Amino acid sequence: MARKKIALIGSGMIGGTLAHLAAIKELGDIVLFDIAEGTPQGKALDLAQSGPVEGFDVALKGANSYEDIAGADVCIVTAGIPRKPGMSRDDLLKTNLGVMKAVGEGIAAHAPDAFVICITNPLDAMVWALREFSGLPHQKVVGMAGVLDSARFRHFLAEEFNVSVEDVTAFVLGGHGDTMVPVIEYSTVAGIPVPDLIKMGWSTQERIDAIVARTRSGGGEIVALLKTGSAFYAPATSAIAMAESYLKDKKRLLPCAAHLTGQYGVDDLYVGVPIVIGKDGVERIVEIELNPTAKQNFDVSVDAVKELVAACKSIDSSLA
Ligand SMILES: NC(=O)C1=CN([C@@H]2O[C@H](COP(=O)(O)OP(=O)(O)OC[C@H]3O[C@@H](n4cnc5c(N)ncnc54)[C@H](O)[C@@H]3O)[C@@H](O)[C@H]2O)C=CC1
Ligand SMILES: O=C([O-])CC(=O)C(=O)O
């Protein structure tokens with residue numbers, strides 16, 4: 001069976017980590033693409049030289065031409081700039097919108113059948129714009145944020161309850177900004193919802209509220225610590241889980257930014273919701289019932305995404 005092909009558009013901190021993970025998991029042959037000359041080639045060669053030790057058999061290539069992504073089964077997009085301390089994700093919009101245009105056109109020309117996972121921030125607006133620029137079917141273009149935000153929430157909850165992260169499930173929905181919505185009713189330890197655990201005396205509402213707040217600002221906490229850029233290990237792992245679900249038709253149910261057409265009362269917008277990812281891309285959008293507070297928070301988050309999409313349209317009239 002021929003190997004799958006994975007194109008990583010952007011070969012910076014997340015791109016390099018994606019390549020490492022995809023190689024170790026032998027998900028397919030890997031092309032690292034970037035506009036910076038030498039970076040993708042250097043990372044591809046370095047990673048290839050780890051193959052004999054690690055024992056993976058995949059081809060790794062660095063490229064500065066979109067022709068090299070031809071026929072990719074999966075494209076993961078991290079091209080653009082990350083934020084630095086003092087910036088919000090939204091400050092990246094103008095620069096990264098221009099990058100999405102180039103990337104969308106490159107994917108449309110050379111890998112139109114790919115499943116595309118966007119990571120570039122501000123995530124929900126960028127995945128919307130990337131889909132518009134590429135013209136690919138909506139179910140083949142998704143954004144990575146919810147898996148990461150939920151993983152952060154799961155990590156903090158596991159620490160709080162002193163249980164294995166494996167047994168903690170969580171959903172963070174909405175846009176990938178400060179208004180994201182960690183939903184505690186759907187967050188559990190081995191199926192026991194967090195509100196029940198509070199009643200059982202495992203924690204208090206105040207402590208869980210603090211964890212929710214820390215999750216919401218989880219990206220900023222890391223930016224403040226790193227000072228030179230943003231998180232890359234957990235974001236890369238999260239996108240690989242999505243790619244793997246597509247490539248292996250695993251049909252995992254994951255929170256991701258997906259194109260909504262009326263679900264949750266939202267139309268023609270990418271927002272984080274639970275979806276099933278399989279061989280056809282987004283195979284199902286799962287509409288869970290939100291309590292009035294969660295729904296109100298979700299709507300606030302949706303409004304924030306709407307504003308960013310409106311800003312994209314005013315910057316690039318071809319999107320209007
Ligand atoms: N969705 C999410 O949950 C997360 C999103 N991010 C975002 O991911 C993006 C990438 O982050 P990092 O990898 O840390 O940044 P980075 O700066 O290490 O890498 C970005 C790469 O994109 C390249 N690039 C710039 N313009 C390009 C173009 N037109 N075509 C191809 N490549 C281009 C740069 O040369 C650089 O190598 C940022 O926008 C960041 O905010 C980061 C963490 C989580
Ligand atoms: O905070 C940032 O700029 C990067 C990001 O989206 C995250 O780590 O959640």
Side-chain angles (χ1 to χ4, degrees), residues 7-20 31-44 62-66 68-69 75-107 117-130 133 142-153 155 172 174-178 180 182 214-242 254-257 270 272 305:
L8 306 174
I9 318 289
S11 304
M13 299 307 288
I14 304 179
T17 312
L18 285 167
H20 198 191
V31 175
L32 282 140
F33 172 91
D34 205 288
I35 47 163
E37 286 181 19
T39 303
Q41 291 83 356
K43 289 196 178 184
N64 300 114
S65 161
Y66 274 105
D68 287 296
I69 73 161
C75 294
I76 308 182
V77 178
T78 60
I81 53 167
R83 64 172 159 158
K84 299 221 166 81
M87 294 171 77
S88 84
R89 294 181 182 93
D90 300 354
D91 295 335
L92 310 172
L93 186 135
K94 195 157 184 244
T95 303
N96 286 350
L97 183 64
V99 174
M100 291 305 99
K101 189 173 171 70
V103 173
E105 289 169 359
I107 292 174
I117 302 170
C118 180
I119 301 184
T120 303
N121 271 321
L123 187 271
D124 309 270
M126 290 302 100
V127 64
W128 179 87
L130 180 65
F133 289 131
V142 293
M144 188 295 292
V147 178
L148 169 67
D149 298 326
S150 303
R152 287 181 174 145
F153 196 30
H155 164 69
V172 178
H176 182 58
D178 299 342
M180 69 179 74
R214 189 172 178 197
T215 301
R216 282 180 148 166
S217 56
E221 184 177 356
I222 292 179
V223 170
L225 290 165
L226 292 180
K227 298 179 186 70
T228 51
S230 50
F232 50 98
Y233 292 117
T237 307
S238 302
I240 289 292
M242 293 165 65
L254 299 167
C256 305
Y270 273 84
V305 176

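We're numbering straight along the sequence, starting at 1. Order of appearance sets the numbers: ligands from 1, and atoms from 1 within every ligand. Everything numeric in this text was worked out from a predicted model, so none of it was measured.
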Original post:
If you look at every heavy atom in Val172 and Ser150, which pair is closest and at what distance?
Top reply: N-OG, 3.0 Å
Original post:
Which pair of heavy atoms, one from Lys43 and one from Gly16, lies closest together, and at what distance?
Top reply: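 Between these two residues, the closest heavy atoms are CD-CA, 4.1 Å.
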Original post:
Any side-chain heavy-atom pair from Met144 and Cys256 closer than 4.5 angstrom?
Top reply: no
Subject >> Note, Pro235 side chain near Met13 side chain (heavy atom, < 4.5 Å) >> reply: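 Of all side-chain heavy-atom pairs linking Met13 with Pro235, none is under 4.5 Å.
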For the 3.5 Å polar cut-off, considering only N or O atoms, please tell me whether [X] and ligand 1 meet it.
X	answer
Thr120	no
Val99	no
Met144	yes

Subject >> Set of residues that line ligand 2, where lining means a heavy atom lies under 4.0 Å from it >> reply: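 Residues Arg83, Arg89, Asn121, Leu148, Arg152, His176, Gly219, Gly220, Val223, Ser230, Ala231 each place a heavy atom under 4.0 Å from ligand 2, listed by chain and number.
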Look at [atom] and say which protein heavy atom is nearest, naming residue and atom and giving the distance to 0.1 Å.
atom	answer
atom 21 (C) of ligand 1	Asp34 OD2, 3.7 Å
atom 19 (O) of ligand 1	Gly12 CA, 3.3 Å
atom 5 (C) of ligand 1	Ile119 O, 2.9 Å
atom 42 (C) of ligand 1	Ile14 CD1, 3.4 Å
atom 32 (N) of ligand 1	Ala79 CB, 3.4 Å
atom 38 (C) of ligand 1	Ile81 O, 3.3 Å
atom 41 (O) of ligand 1	Asn121 ND2, 3.0 Å
atom 15 (O) of ligand 1	Pro82 CG, 3.6 Å

Option set [options], criterion heavy-atom distance to [atom], minimum:
atom	options	value
atom 9 (C) of ligand 1	Thr39, Thr78, Ile35, Leu32	Thr78
atom 20 (C) of ligand 1	Ser238, Gly80, Pro40, Gly15	Gly80
atom 43 (C) of ligand 1	Pro122, Ala231, Ala239	Ala231

Could you measure the distance from the [atom1] atom of [X] to the [atom2] atom of [Y]? Nearest 0.5 Å is fine.
X	Y	atom1	atom2	answer
Leu92	Ile81	CG	CD1	5.0 Å
Ile9	Ile119	CD1	CD1	11.5 Å
Phe232	Thr17	CZ	OG1	5.5 Å
Asp178	Ser88	CG	OG	7.5 Å
Ile222	Arg152	CD1	CZ	4.5 Å
Ser230	Lys84	OG	NZ	10.0 Å

**OP:** Taking side-chain hydrogen bond (donor to acceptor under 3.5 Å, both in side chains) as the test, write out the residues that go with Asp68, two or more places apart.
**Re:**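 For Asp68 the side-chain hydrogen bond (donor to acceptor under 3.5 Å, both in side chains) partners, ignoring immediate neighbours, are Lys61.
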Subject >> Listed partners of Asp149 passing side-chain hydrogen bond (donor to acceptor under 3.5 Å, both in side chains), at least two apart >> reply: His176
Original post:
Which one of Leu32, Val31, Ile14 satisfies the side-chain contact (heavy atoms from CB on, under 4.5 Å) criterion with Leu8?
Top reply: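 For Leu8, the side-chain contact (heavy atoms from CB on, under 4.5 Å) test succeeds with only one of Leu32, Val31, Ile14, which is Leu32.
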Original post:
Quick check: does any side chain N or O of Ser11 sit under 3.5 Å from a backbone N or O of Thr39, one acting as donor and the other as acceptor?
Top reply: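 Absent.
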For [X], the ligand 1 atoms whose distance to one of its heavy atoms is below 4.0 Å:
X	result
Phe33	31 (C)
Ser230	42 (C)
Asn96	39 (O)
Leu148	3 (O), 44 (C)
Leu92	41 (O)

Original post:
What do you reckon, does Ile9 put a non-hydrogen atom under 4.0 Å from ligand 1?
Top reply: no
Subject >> Pairs satisfying salt bridge (Lys or Arg N to Asp or Glu O under 4.0 Å), at least one member in residues 220-234, at least two apart >> reply: Arg214-Glu221
Subject >> ligand 1 contact on His176 by region, counting heavy-atom pairs under 4.0 Å >> reply: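 The answer is the side chain.
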Original post:
So Asn121 and Met126, side chain to side chain contact (heavy atoms under 4.5 Å, CB included) or not? Walk me through it.
Top reply: CA-CA 6 Å; Asn121 271 321; Met126 290 302 100; 5.8 Å; no
